[in-house]
Amino acid sequence: MLNQQVVLKQRPSGIVQENDFGFVSNDLRDIKEGEIKVAIEYISCDPAMRGWMNAGKTYIEAVKIDEVMRGFAAGKIIESLNPNYKEREYVTGLLGVQQYAISNGQGLTHIKTLNESLSYHLGVLGMPGMTAYFGLLEKGQPKAGETVFISGAAGIVGSTVGQIAKIKGCKVIGTAGSAAKCKYLLEECSFDAVINYKEEDVAKRLKELCPDGVNIFYDNVGGPLLDIALTRLARGARVVICGAISQYNNKELYGPKNYMKIVTARGHICGVIVFDYIDQYPKAIRDISTWISEGKLRTKEHIVEGLDNFPSTLRMLFTGENFGKLLVKV
Ligand SMILES: NC(=O)c1ccc[n+]([C@@H]2O[C@H](COP(=O)([O-])OP(=O)(O)OC[C@H]3O[C@@H](n4cnc5c(N)ncnc54)[C@H](OP(=O)(O)O)[C@@H]3O)[C@@H](O)[C@H]2O)c1
């Protein structure tokens with residue numbers, strides 16, 4: 001059985017290019033005692049993949065040159081020599097950007113019964129959904145009546161954060177990069193207001209929209225947008241640094257100039273790494289599934305067909321072309 005794989009050929013300079021990746025086909029070996037063979041159905045495109053392509057360790061090792069590109073994926077077990085896993089059950093995890101994966105099961109999420117689309121387990125019920133849930137609820141500590149401001153709000157993390165904040169009784173404002181994304185957040189995700197950061201003066205609009213300031217700023221974008229948000233903090237505000245997608249392709253990072261606003265606001269800045277909450281994922285998955293079934297939380301997916309299209313699809317995250325959780329269907 002041949003396994004098509006996407007490998008890292010060179011470290012990108014700036015935005016990812018198609019020739020940063022290569023394609024190889026290798027014979028898939030037989031599984032050994034304790035292992036499972038997975039036919040991958042969906043591969044998740046996540047902003048963090050850009051950081052994994054750089055040299056040097058961050059919170060995780062860099063992908064090596066000629067190594068299969070690291071990626072979250074979801075698939076069906078087609079063969080098992082592991083007593084904990086049965087054929088025709090599903091798993092998600094860091095299975096790599098390839099058609100098939102062999103695993104000993106460690107670190108995988110095991111889906112015995114599929115109640116929703118498998119792809120949801122890479123999005124709203126997967127790592128990005130968990131990031132939204134724990135980043136907002138554990139780090140942000142929202143209280144009813146507070147104002148939550150979210151950058152990168154139309155992404156899977158941002159749109160989920162906003163809807164959970166609405167469920168918790170907050171006023172929710174976001175930024176997004178197109179009229180269609182702003183409309184979606186207002187009409188389908190119940191945001192109170194959305195600022196098109198490409199066309200509007202964010203500082204001016206934010207001041208108009210939050211005369212009493214922002215209680216929680218959930219930042220997915222970083223850079224100058226973070227600086228603007230810092231000027232609007234209410235007393236006791238919490239700034240949750242989830243990511244900084246505006247900076248991932250830059251050699252030199254833009255650091256905040258307005259950080260002293262944290263002092264005057266008696267605020268807190270903290271970072272979140274989703275993997276720290278792995279033991280608590282089942283509760284988050286239960287809560288989010290319930291909100292989806294009750295019609296309180298919506299999600300949108302952007303699915304591109306074909307492993308061949310992985311390199312051009314990953315680029316979309318950094319051009320804003322994706323509208324919804326970005327996935328490649330194998
Ligand atoms: N800390 C953690 O554990 C953790 C886990 C998962 C994700 N994250 C972070 O969460 C953030 C959102 O992730 P996601 O999966 O939901 O991705 P996503 O929002 O789907 O990411 C892509 C979106 O980011 C926006 N964007 C791209 N370049 C931008 C720029 N220069 N300035 C402003 N916006 C830009 C684009 O939307 P527009 O059209 O609106 O520009 C694009 O569609 C990322 O920063 C990611 O690294 C962190």
Side-chain angles (χ1 to χ4, degrees), residues 14-16 43-54 58-60 70-72 94 119 122-136 138-140 150-164 174-185 189 191 194-200 202 217-229 239-250 253-254 269-278 280-281 284 299-304 313-328:
I15 192 165
V16 277
I43 289 166
S44 178
C45 290
D46 292 295
M49 292 165 115
R50 176 63 187 82
W52 301 343
M53 296 169 76
N54 290 335
T58 49
Y59 60 96
I60 193 167
R70 180 185 299 132
F72 283 95
L94 284 169
S119 55
L122 294 174
V124 71
L125 297 175
M127 184 278 289
M130 302 300 101
T131 307
Y133 184 97
F134 293 106
L136 178 70
E138 294 293 323
K139 301 287 185 179
I150 304 155
S151 64
I156 179 65
V157 174
S159 59
T160 309
V161 169
Q163 293 177 86
I164 298 175
T175 60
S178 74
K181 289 180 181 181
C182 293
K183 187 170 186 279
Y184 165 72
L185 292 172
C189 301
F191 276 50
V194 187
I195 306 170
N196 182 337
Y197 74 93
K198 289 186 179 161
E199 290 183 356
E200 297 182 82
V202 180
F217 174 47
Y218 194 105
D219 192 17
N220 294 307
V221 168
L225 209 47
L226 168 59
D227 256 335
I228 291 173
V239 177
V240 181
I241 307 288
C242 175
I245 195 163
S246 71
Q247 302 300 302
Y248 294 169
N249 294 306
N250 298 350
L253 298 188
Y254 174 103
I269 295 194
C270 61
V272 60
I273 288 287
V274 63
F275 306 122
D276 295 348
Y277 298 94
I278 222 154
Q280 298 176 60
Y281 284 6
T299 195
K300 192 171 175 61
E301 297 180 315
H302 184 144
I303 301 178
V304 176
T313 306
L314 185 63
R315 269 178 71 83
M316 290 178 168
L317 288 173
F318 304 98
T319 58
E321 285 165 86
N322 71 304
F323 188 178
K325 170 63 205 155
L326 189 59
L327 300 158
V328 169

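We count ligands from 1, going down the list as the structure has it; atoms in each ligand are counted the same way.
- Here Asn220 has heavy atoms under 4.0 Å from ligand 1 in both its backbone and its side chain.
- Looking only at distances, no side-chain donor or acceptor of Lys300 sits under 3.5 Å from a matching main-chain atom of Ile156.
- Residue, atom and distance of the protein heavy atom nearest to atom 5 (C) of ligand 1 are Thr131 OG1, 3.1 Å.
- Every atom of ligand 1 is numbered from 1 in the order shown, and the set under 4.0 Å from a heavy atom of Ser246 is 30 (C), 31 (N), 32 (N).
- Of all atoms in ligand 1, numbered sequentially from 1 with element shown, those under 4.0 Å from a heavy atom of Ile273 are 3 (O).
- Checked against a 6.0 Å centroid threshold, the rings of Phe323 and Tyr184 count as neighbours.
- Counting heavy atoms under 4.0 Å from ligand 1, residue Val221 touches it through the side chain alone.
- For Val274, a nitrogen or oxygen atom sits less than 3.5 Å from a nitrogen or oxygen atom of ligand 1, counting backbone and side chain alike.
- Between the Thr160 side chain and the Ala132 main chain, no donor and acceptor come within less than 3.5 Å of each other.
- Contacts between Tyr248 and ligand 1 below 4.0 angstrom, taking non-hydrogen atoms only, involve the side chain exclusively.
- Given atom 36 (C) of ligand 1, the protein heavy atom at minimum distance is Gly320 CA, 3.7 Å.
- Not close to ligand 1: Ala154, with no non-hydrogen atom less than 4.0 angstrom away.
- Of the inter-residue distances, the one linking Ile150 atom CD1 with Ile195 atom CD1 reads 11.5 Å to the nearest 0.5 angstrom.
- Among all non-hydrogen protein atoms, the one lying nearest atom 13 (O) of ligand 1 is Pro47 CG, 3.6 Å.
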- Message: Set out, in order, the CA-CA distance, both residues' side-chain angles and the distance that settles side-chain contact (heavy atoms from CB on, under 4.5 Å) for Val274 and Tyr281, then state yes or no.
- Response: CA-CA 10 Å; Val274 63; Tyr281 284 6; 3.4 Å; yes
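- Counting heavy atoms closer than 4.0 Å to ligand 1, residue Met316 contributes nothing at all.
- With hydrogens left out, the protein atom closest to atom 18 (P) of ligand 1 is Gly155 CA, 3.8 Å, a heavy atom.
- Only the backbone of Ala244 comes within contact range of ligand 1, with a heavy atom under 4.0 Å; no side-chain atom does.
- Of the polar atoms of Val272, at least one N or O is found under 3.5 Å from an N or O of ligand 1, judged by distance alone.
- With hydrogens left out, the protein atom closest to atom 21 (O) of ligand 1 is Ile245 CD1, 3.7 Å, a heavy atom.
- Of all the atoms in ligand 1, the ones that sit under 4.0 Å from a non-hydrogen atom of Asn322 are 20 (O), 22 (C), 42 (C), 43 (O).
- Scanning the protein heavy atoms around atom 40 (O) of ligand 1, the nearest turns out to be Gly177 N, 2.8 Å.
- Distances below 4.0 Å separate heavy atoms of Ala176 from the following atoms of ligand 1: 40 (O).
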- Query: Between Met49 and Ser44, is a side-chain contact (heavy atoms from CB on, under 4.5 Å) present by the stated rule, with each step listed?
  - Reply: CA-CA 10 Å; Met49 292 165 115; Ser44 178; over 6 Å; no
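- Residue nearest to atom 42 (C) of ligand 1, selected from Val161, Leu317, Ile241, Asp276: Leu317 (by heavy-atom distance).
- The shortest N/O to N/O separation between Tyr197 and ligand 1 falls below 3.5 Å.
- Checked by distance only, ligand 1 and Gly324 stay at 3.5 Å or farther apart across all their nitrogen or oxygen atoms.
- Atoms of ligand 1 found under 4.0 Å from any heavy atom of Ile156 (numbered from 1 in listed order, with element): 14 (P), 15 (O), 16 (O).
- Looking at ligand 1, you won't find any N or O of Gly158 less than 3.5 Å from one of its N or O atoms.
- Residue-level proximity to ligand 1 for Phe323 is absent, since no heavy atom of it falls below 4.0 angstrom.
- Heavy-atom minimum distance, Phe191 versus Gly174: CD2-N, 3.9 Å.
- Using cut-offs of 30° and 60° for the angle between ring planes, the Phe72 and Phe275 rings count as parallel.
- Here the protein heavy atom with the shortest distance to atom 16 (O) of ligand 1 is Val157 N, 2.9 Å.
- Closest heavy-atom approach to atom 48 (C) of ligand 1 among the candidates Gly126, Cys242, Gly174: Cys242.
- Summarising the geometry of Val194 relative to Glu200, their closest heavy-atom pair is O-OE2, 4.1 Å, with the distance given to 0.1 Å.
- The backbone N or O of Ala244 lies less than 3.5 Å from a partner atom in the side chain of Tyr248, making a donor-acceptor pair.
- Looking at Pro128 against ligand 1, nothing comes within 4.0 Å, counting heavy atoms.
- Using 4.0 Å as the threshold, Glu321 has no heavy atom nearer than that to any atom of ligand 1.
- The two atoms that bring Gly223 and Gln247 nearest to each other are CA-NE2, 3.6 Å, heavy atoms only.
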- Go through the steps to decide whether Val239 and Leu226 satisfy the test side-chain contact (heavy atoms from CB on, under 4.5 Å), and finish with yes or no. CA-CA 9 Å; Val239 177; Leu226 168 59; 4.2 Å; yes
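- Atom CG of Leu136 and atom CD1 of Ile164 lie 6.5 Å apart (nearest 0.5 Å).
- Ligand 1 has a nitrogen or oxygen under 3.5 angstrom from a nitrogen or oxygen of Lys181.
- Atom numbering of ligand 1 starts at 1 in the shown order; those under 4.0 Å from a heavy atom of Gly243 are 45 (O).
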- Message: Please determine whether side-chain contact (heavy atoms from CB on, under 4.5 Å) holds for the pair Ser159 and Thr299, giving the CA-CA distance in whole Å, both sets of side-chain angles, and the decisive distance to 0.1 Å.
- Response: CA-CA 8 Å; Ser159 59; Thr299 195; 5.6 Å; no
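- For Arg70 (side chain) and Met53 (main-chain N/O), no donor-acceptor pair under 3.5 Å exists by modelled atom type.
- Judged by distance alone, the side chain of Thr175 and the main-chain N or O of Gly152 form a donor-acceptor pair under 3.5 Å.
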